[in-house]
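No hydrogens, no waters, no symmetry mates; every other heavy atom, side chains included, goes into these values.
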Amino acid sequence: MLDVLREEKQLEDDACAVLGASDDKNCTYSKGYTRQALYACKTCCSKTVRAAVCLACSFHCHEGHELVELYTKRHFRCDCGNSKFAEKQCNLDASKDPLNTENQYNHNFDGLYCICKRPYPDPEDTVDDVMLQCVICEDWYHSLHLENERGMPADGAYDEMICAGCMKRNEFLWNYASKYAVFSTTGTSSGEKPVETVDVVGVTTGCTMPQNKMLLKGSCFWSEGWRSALCTCEVCKKIYQENSIMFLLDPTDSVHAYEEAGKVNSQESRYEKGMKALATLGRVEQLTAIEEYNNMKERLKQYLQKFAENKKVVREEDIKEFFSEMESKKRPKVVVPTYCR
């Protein structure tokens with residue numbers, strides 16, 4: 001039972017990481033440009049058109065369509081029903097501009113990722129590899145394609161990652177790497193030692209950018225709180241603006257902040273409820289609960305199989321219907337007598 005509850009908690013955490021405080025009933029368009037879970041509909045858009053819809057629209061406007069899950073993107077407004085979708089209208093919000101001019105698109109919207117521009121999961125890839133998201137370009141990269149000879153830090157030993165391409169475009173960030181980067185615990189090479197360099201920005205009055213710049217290439221892994229160390233003097237702010245990375249100074253921009261926002265409004269988790277319920281059961285009741293759970297699990301898998309085969313979204317009403325049918329077929333409770341005459 002504890003294993004079941006732990007697995008349930010992991011599923012809840014995963015859902016929170018992707019959906020945050022997302023609303024599954026109302027389109028996010030009226031909220032403007034915001035970080036949110038997004039889906040590219042390949043059924044409605046041609047191969048040359050890049051667009052994405054919010055969670056609610058994926059349910060109410062694109063049910064049964066071929067959707068590409070994009071995880072989350074910052075500063076994005078729902079495209080559903082605008083000019084990118086030709087004649088198709090949004091079922092939740094018809095008052096939308098023809099285009100969202102501030103939306104940024106990349107090859108992820110085509111269902112392709114990394115510098116290798118392959119789908120995920122890749123049907124032709126036999127190597128089991130993890131995918132990591134760059135916090136600047138927000139593309140996803142295979143760990144083998146990070147162009148990082150120093151290797152990856154151990155799981156959980158870093159907070160965020162910036163890909164090799166973004167580090168090259170923002171080389172000044174290597175100044176901060178000398179203090180806030182996380183490297184592989186398996187050892188480092190001689191080329192990783194910090195080197196003193198002359199930096200014009202660094203000599204500006206009031207600038208707090210570190211002066212020990214690391215002359216490295218490739219991706220960079222960062223420790224928790226590294227963004228708060230970024231200098232906010234006027235010269236540095238100009239650099240952020242010119243490179244379109246002002247969002248690094250926004251404490252609400254990170255995926256971690258997005259996940260925490262989703263937890264704020266959440267009620268007691270099923271894990272917590274399950275642990276409380278489990279504590280009240282006797283051994284016989286626990287065995288009965290395990291048996292009933294396994295029975296429900298098998299029947300639910302069979303019930304959901306038809307949705308997977310037809311690429312149909314599972315709605316709240318469908319789940320209620322399933323449990324309603326289970327309740328009607330529930331076996332009568334057997335009361336074990338505690339004494340005999």
Side-chain angles (χ1 to χ4, degrees), residues 14-114 116-125 131 133-134 137-141 255 258 262 303-319 321:
D14 291 345
C16 188
V18 176
L19 303 180
S22 297
D23 186 342
D24 63 349
K25 295 181 175 60
N26 300 293
C27 178
T28 60
Y29 183 80
S30 61
K31 296 181 180 180
Y33 294 88
T34 181
R35 177 179 289 282
Q36 59 179 304
L38 293 172
Y39 305 84
C41 183
K42 309 315 295 179
T43 302
C44 294
C45 295
S46 66
K47 293 182 179 180
T48 59
V49 176
R50 291 174 175 174
V53 303
C54 67
L55 176 67
C57 286
S58 73
F59 291 153
H60 301 280
C61 306
H62 302 272
E63 181 179 356
H65 293 187
E66 181 185 354
L67 297 176
V68 176
E69 185 175 4
L70 300 171
Y71 191 55
T72 73
K73 298 287 186 184
R74 67 167 59 88
H75 198 72
F76 201 95
R77 202 172 194 181
C78 180
D79 283 323
C80 182
N82 67 15
S83 61
K84 288 177 175 284
F85 288 80
E87 300 300 320
K88 180 169 179 57
Q89 299 296 312
C90 177
N91 297 330
L92 300 179
D93 188 345
S95 59
K96 295 183 177 181
D97 293 334
L99 289 175
N100 294 315
T101 57
E102 296 181 33
N103 282 357
Q104 297 291 319
Y105 308 91
N106 61 10
H107 54 277
N108 292 174
F109 293 77
D110 304 325
L112 304 176
Y113 308 90
C114 191
C116 61
K117 289 184 170 55
R118 295 293 301 168
Y120 182 81
D122 189 343
E124 299 180 9
D125 191 358
M131 297 285 281
Q133 188 180 37
C134 171
C137 67
E138 297 190 298
D139 191 7
W140 290 84
Y141 296 85
V255 173
Y258 173 81
Y303 178 76
L304 295 177
Q305 185 62 36
K306 61 182 181 182
F307 290 90
E309 292 172 351
N310 297 321
K311 295 184 178 180
K312 185 178 180 183
V313 173
V314 182
R315 301 168 301 172
E316 181 180 355
E317 307 90 88
D318 299 320
I319 299 300
E321 177 186 4

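- The two residues C41 and H62 come nearest to each other via the heavy atoms SG-ND1, 3.4 Å.
- Judged by distance alone, the side chain of D93 and the main-chain N or O of S95 form a donor-acceptor pair under 3.5 Å.
- Checked by atom type and distance alone, the side chain of D79 never pairs as donor or acceptor with a backbone atom of A51 at under 3.5 Å.
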(message) Quick one, H107 with D139, criterion side chain to side chain contact (heavy atoms under 4.5 Å, CB included). Give me CA distance, side-chain angles, the key distance, then yes/no.
(response) CA-CA 8 Å; H107 54 277; D139 191 7; 2.9 Å; yes
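- To the nearest 0.5 angstrom, E63 atom CD is 5.5 Å from R315 atom CZ.
- When all heavy atoms of N26 and A56 are compared, the closest pair comes out as O-CB, 3.4 Å.
- Taking the side chain as every heavy atom from C-beta outward, L112 and P119 approach each other to under 4.5 Å.
- With no hydrogens or angles considered, no side-chain donor-acceptor pair links E66 and T43 at under 3.5 Å.
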(request) Show your reasoning for whether side chain to side chain contact (heavy atoms under 4.5 Å, CB included) applies to V314 and I319. (result) CA-CA 7 Å; V314 182; I319 299 300; 3.7 Å; yes
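- Using a 4.5 Å cut-off on side-chain heavy atoms (C-beta onward), F109 and V68 make no contact.
- Every pair passing ring pair (Phe, Tyr, Trp, His ring centres under 6.0 Å) that includes a residue from residues 28-59 is listed here, sequence neighbours excluded: Y33-H75.
- Contact of the K42 side chain with the L67 side chain is not registered, since no non-hydrogen atoms from C-beta on lie closer than 4.5 Å.
- Residues meeting the side-chain contact (heavy atoms from CB on, under 4.5 Å) test with K47, sequence neighbours left out: none.
- Residue C134 comes nearest to Y141 through the heavy atom pair CB-CE1, 3.9 Å, listed as atom of the first residue, atom of the second, then distance.
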(message) If you apply the rule side chain to side chain contact (heavy atoms under 4.5 Å, CB included), what do you find for Q104 with R50, and how did you get there?
(response) CA-CA 10 Å; Q104 297 291 319; R50 291 174 175 174; over 6 Å; no
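- Distance check: C114 SG to Y120 OH gives 12.0 Å after rounding to the nearest 0.5 Å.
- N103 and K73 share no donor-acceptor pair across their side chains, judged by distance under 3.5 Å alone.
- With rounding to the nearest 0.5 angstrom, the CG atom of N100 is 5.5 Å from the OH atom of Y105.
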(message) Go through it in stages, so that I can follow the logic: the residues are H65 and C44, the test is side chain to side chain contact (heavy atoms under 4.5 Å, CB included), and I'd like the CA-CA distance, side-chain angles, deciding distance and then a yes or no.
(response) CA-CA 8 Å; H65 293 187; C44 294; 3.4 Å; yes
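- Looking at Y303, its side chain does come within 3.5 Å of a backbone N or O of D318 through a donor-acceptor pair.
- With L92 as the partner, the side-chain contact (heavy atoms from CB on, under 4.5 Å) test is satisfied by one option alone out of C54, C78, C27: C27.
- Judged purely by distance below 3.5 Å, without hydrogens or angles, the side chains of H60 and D24 never pair a donor atom with an acceptor atom.
- Remark: E124 pairs with R118, D122 by the side-chain contact (heavy atoms from CB on, under 4.5 Å) rule, at least two apart or across chains.
- Looking only at distances, a side-chain donor or acceptor of Q133 sits under 3.5 Å from a matching main-chain atom of E138.
- Atom CG of L55 sits about 9.0 Å away from atom SG of C57, to the nearest 0.5 Å.
- Ring centroid separation for the pair Y71 and Y113 does not come in under the 6.0 Å cut-off.
- Seen from the ring of F85, K96 does not count as a face-on cation partner, given the 6.0 Å and 45° thresholds.
- The distance from the CG atom of D23 to the CD atom of Q36 is 11.0 Å, given to the nearest 0.5 Å.
- In this structure, the separation between CG on N82 and NZ on K88 is 12.5 Å, given to the nearest 0.5 Å.
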